Amino acid sequence: MGNVIGIGASPKRKEDQRFLTGRGNYVSDIKRPGMTAGVFVRSPHGHAVLRGIDKSAALASPGVIAVLTGEDAAADKLGSLPCGWGISDANGVPMKEPPFPMLAQGKVRFVGDMVAFVVAETPEQANEAAELLKVDYEVLPSVVGVLEAVRPGAPQLFDDVPNNICCDWELGDKAAVETAFRKAAHVAKLSLVNNRLIGNPMEPRAAIAEYEPGTDRFTLWTTSQFPHVVRFLMGALVLNIPQHKLRVVAPDVGGGFGVKQFHYGEEAVITWAAKRVMRPIKWVASRSEGYVSDRHGRDHVTEAELALDETGKFLAFRVNTLANMGGYLSTFGPNIPTNLYAPLLGGVYTTPAIYCNVKVVFTNTVPVDAYRGAGRPEATFVLERMVDVAASEMGIDRVEIRRRNMIPKEAYPYQTPVLVQYDSGDPMGCLDGALIAADVKNFGIRKAASASKGKFRGLGYSTYVEACGLAPSRFAGRLGARGGLYESATVRVHPTGQVTVMIGTHNHGQGHETTFAQIVSEKLGVSFEDVDIVYGDTDRVQFGMGTYGSRSLVVGGAALSKATDKVIVKGKKIAAHLLEASEVDIQFEAGKFSVAGTDRIKTFEEIAGAAYVPHNYPLEVLEPGLEEQAYYDPVNFTYPGGCHIAEVEVDPETGTVTLVNYTAVDDVGTVINPMIVEGQLHGGIVQGVGQALFENAVYDESSGQLLSGSLMDYCMPRADHMPMMKVSTHSTLCTHTPMGVKGCGEVGTIGSPAAVINAVVDALSHLGVTHVDMPATPNRIWRLLQNASLPVAAE
Amino acid sequence: MKPFAYHQPSQIPDAAKLLTSIEDSKLVAGGMTLIPTLKQRLANPPALVDLSKLGNLKGITDDGATITIGAMTPHAVVAASKLVQSKIPGLAVLASMIGDPAVRSRGTIGGSVANNDPAADYPAGVLGLGATIVTSTREIAADKFFLGLFETALEVSEIITAIRFPVPLKAGYAKFKAPASRYALVGVFVAKFADGVRVAVTGAGSGVFRVPPMEAALSGNFDPTAVAAIKIDTDGLTSDIHAEADYRAHLVTVMAKRAVDAALS
């Protein structure tokens, strides 16, 4: 029956036809009748008292329709932007959760904090008026770094948050760790910084809001990874709009990486304003605006210690981290450096005791939240750097120390001392595969060749595991989640046998329209072309939690698989009636329902037709129609992992690090579309390499100005930074997801930073270098070489 | 972008008259710096005077001992010019390293030189080769032209029409690109003439500058080893989030060596 393209095939991506021919439909492409333009006025100061706003000149400016401020929002009794996660300290005291007004009230707390919204007939008029708005600031000293923010005498962001500490959080058995450290033959220590990142999706954020008085309904088009969650958070908690009166549409979205998985104040302001002005309003962020308002990622300062016995076995791991939250709590903010960080500190090792303390800290910077990997790259970086430091100090080979501590394949399922239980995995198999793929045995020859050109070559390993497929709701609830994390799918079979799937995940580059269609094509035996995937519209899709945390295939795909199974079950009932057989005798295979052991057959199309034209149909016991829905809540996280090996060459004259080889062998469970998985790994690795070598969000210490606020100053990784990557999979099947899938969206960013930095340190280890902070820029490497114990030979 | 008047004169005197009569009006050549500045509303000129319709400002001519490049010649044309490649290969290499393909197709030599961005490439080539800036009213030696951060000797109504480069015996350019912008973090142009060597540095300070000790050393021995031990004073060098002043100073030496290498290869 047609062109079945199923699991394991690599068809070209369905969605690329429109993306590559300029026929995508992004928020900024949408035009509504009578549409106006909105512009946000943002704080130019990192920290200031908002003494007053004089709207008169702005309101008098040509074309201006409205100027709205925090006072107007307060007068309308609008809510604060909600945080979706509530964590507590060791004594059960909840985190400090100061309000996050959608437009600043009383104070501004970061450069980019929103102060006013100007609506005018055209964007030019709105910009003109925005410049005329008179805002009276009393500038206060800013504090941007976590170390500085917790010091006595530091500027305080909130009156009721002493020392700027939102929460002093911990996980693990502190006493057991202390005992183990007392018995240790060796203790390795490491201080490091996990650099602050800016996501930079290709499409800047944008929104259009419209209010229809006839139906009393609002529509918000927004660049979001989770429109249903925006509807819930914004409607129920901020603007008091009933859910059935609010439609949120996230059409084609040009990349997210986490940046678009939060409910932003801009969405609430524009929706509220649309009713006040009774006209549609469009706002499109500039790239510069994105830099100071898109949520940032990472930004940790960490002290770690590893206790080992005399053979190099890990006895205990202790980690103390200061995590930057920025000026307010964003949607998932406090969850990222705690629940998505500390439980991964076991890595792929049998470390019996682990303790982690995280101080979550407010600073005068853009709020920090999830960015691809979210917590898990930070954990992997600490652990995999620590392992290398310990190996070096104890004189044990870096691969050997990993082998001595790795969880053997037979030990799965494996319960770690930090909450999570890994269901499946084979880290040793990934390591062995990667050693061969990276041609490690001939590394010495390549190193000698580099040396002959005056270059230092290094090799770095990262054997890692992550937790994704967010998330088992009950488990997440115990950790402080304020929402569920299941997913839903509806499979609508049309009378002619084609299929439309409505799914609650959101596709913004991941290739869902292809991967999900392959699942349906395989399971129902329908043509790949006969399956459409619908997402991103709360009026069309039943419900959903969206796309982030490598959850779409793991959780959404499972819901889709279940809904498809229900279609088959119903189809069998219809087929049994039409074939005058018992339901238990009906088999379904390759798009055909048959009576076992006979040649009596009904095609999937015939069954679909019968379901919608039920003349000969068991109406007494079965409803007409062929449409099924399933919700799926996972029983556990999934645990993809693997081994990444980076090879770098350092030019000691300039300090330039060149990535010359990159190998990844990853366990992502069942692979639906190998080409898409490969692409996800490539993209993730490039972003991880970006963090390791190039990207850094830098603030001025005293003024709170973002110094890396443009593509001219914030270095994104580029194609010519990358070698051809060797990427392959070594999969074990997840034991609890319906198809054995584990997720692959974030593994690249999680495994790669440690591999790259371990390689850089290896290249410089003969000079006594033991650690390099990210990004390993030429200036930073040159400085290390200047300070190294041995002088660099002049050419 | 704020509103502005737009003029497209066909004669240089008309363009000069517009510049004089409309205060704060701006010339636009390729627009590679000006247009982004306007889009970010950082500049608000009342009028733009577009040079694209002026005749005879494009093209490269061989005058024997010199090569003349019209002010409106795009970087890509210079980079691909067989004439430049054969007479001053270092200059063709420099042009090929500016920005990205889009910038090289639109951006012009006159625009770059008139803008005098402290990290632009052309000022190093122009000063390093001791070129002459030909304007609507006079000729200016490169040594008298670049006056520091975005400042030049140009008068308000003066328009660059061409740059005239003496053909050197050898010349080379080495550039350490700023990782994000790909402007020169440090770029060094060296040129050897019968009467001596010139060394010009861009990116390191507030404007392009020459390095007399390196020039003296290379005049005696045009070899990378001649400059390897010459250290640059960090006074006046730029320190920013991309590079500290002492690192820039170090790079001047490294890039000078590499520029000499390139000139010799």
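Small disclaimer: the values here were computed from a predicted structure and weren't measured. In what follows, chains carry the letters A, B, and so on, assigned in the order in which the sequence lines appear, proteins first and then strands, with residues in each chain numbered from 1.
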So what's closer than 4.5 Å to chain A heavy atoms on M1(B): side chain, backbone, both or neither?
backbone
Closer than 4.0 angstrom, basic N to acidic O: yes or no for E128(A) and R41(B)?
yes
Distance in Å, S286(A) OG paired with Q40(B) CD, rounded so as to fall on 0.5 Å steps:
8.0 Å
Distance from E653(A) atom CD to M255(B) atom CE, nearest 0.5 Å?
7.5 Å
So, for L251(B) and T654(A), which heavy atoms are closest and what is the spacing to 0.1 Å?
CD2-CG2, 3.9 Å
Apply side-chain contact (heavy atoms from CB on, under 4.5 Å) to the pair Y183(B) and M712(A), showing each step before the final yes or no.
CA-CA 9 Å; Y183(B) 272 87; M712(A) 298 288 274; 3.2 Å; yes
Under 4.5 Å from any heavy atom of chain B, what part of P123(A) do you find: side chain, backbone, both or neither?
neither
Per-residue contact mode, R718(A) against chain B (heavy atom under 4.5 angstrom):
side chain
In terms of heavy-atom pairs under 4.5 Å with chain A, which of A178(B), A229(B), P179(B), P3(B) leads?
P179(B)
Between S710(A) and chain B, with a heavy-atom cut-off of 4.5 Å, which part of the residue counts as in contact: side chain, backbone, both or neither?
neither
NZ of K177(B) to SG of C715(A), rounded to nearest 0.5 Å, is 12.0 Å
Region of D246(B) that comes under 4.5 Å of a non-hydrogen atom in chain A
both
Going by residue number, which parts of residues 98-114 of chain B are within reach of chain A, meaning a heavy-atom gap below 4.5 Å?
none
Report the C-alpha separation of N779(A) and R248(B) in whole Å, then their side-chain angles, then the decisive distance to 0.1 Å, and conclude whether the side-chain contact (heavy atoms from CB on, under 4.5 Å) test is met.
CA-CA 9 Å; N779(A) 194 155; R248(B) 277 192 165 89; over 6 Å; no
When rounded to the nearest 0.5 angstrom, what is the spacing between CG in L711(A) and CZ in R182(B)?
12.0 Å
Contact leader toward chain B among H721(A), R783(A), E124(A), where contacts are heavy-atom pairs under 4.5 Å
R783(A)
Pairing of R258(B) and D651(A) as salt bridge, 4.0 angstrom limit
yes
What do the steps show when you test N127(A) against K2(B) for side-chain contact (heavy atoms from CB on, under 4.5 Å), and what is the final call?
CA-CA 9 Å; N127(A) 272 312; K2(B) 300 183 181 188; over 6 Å; no
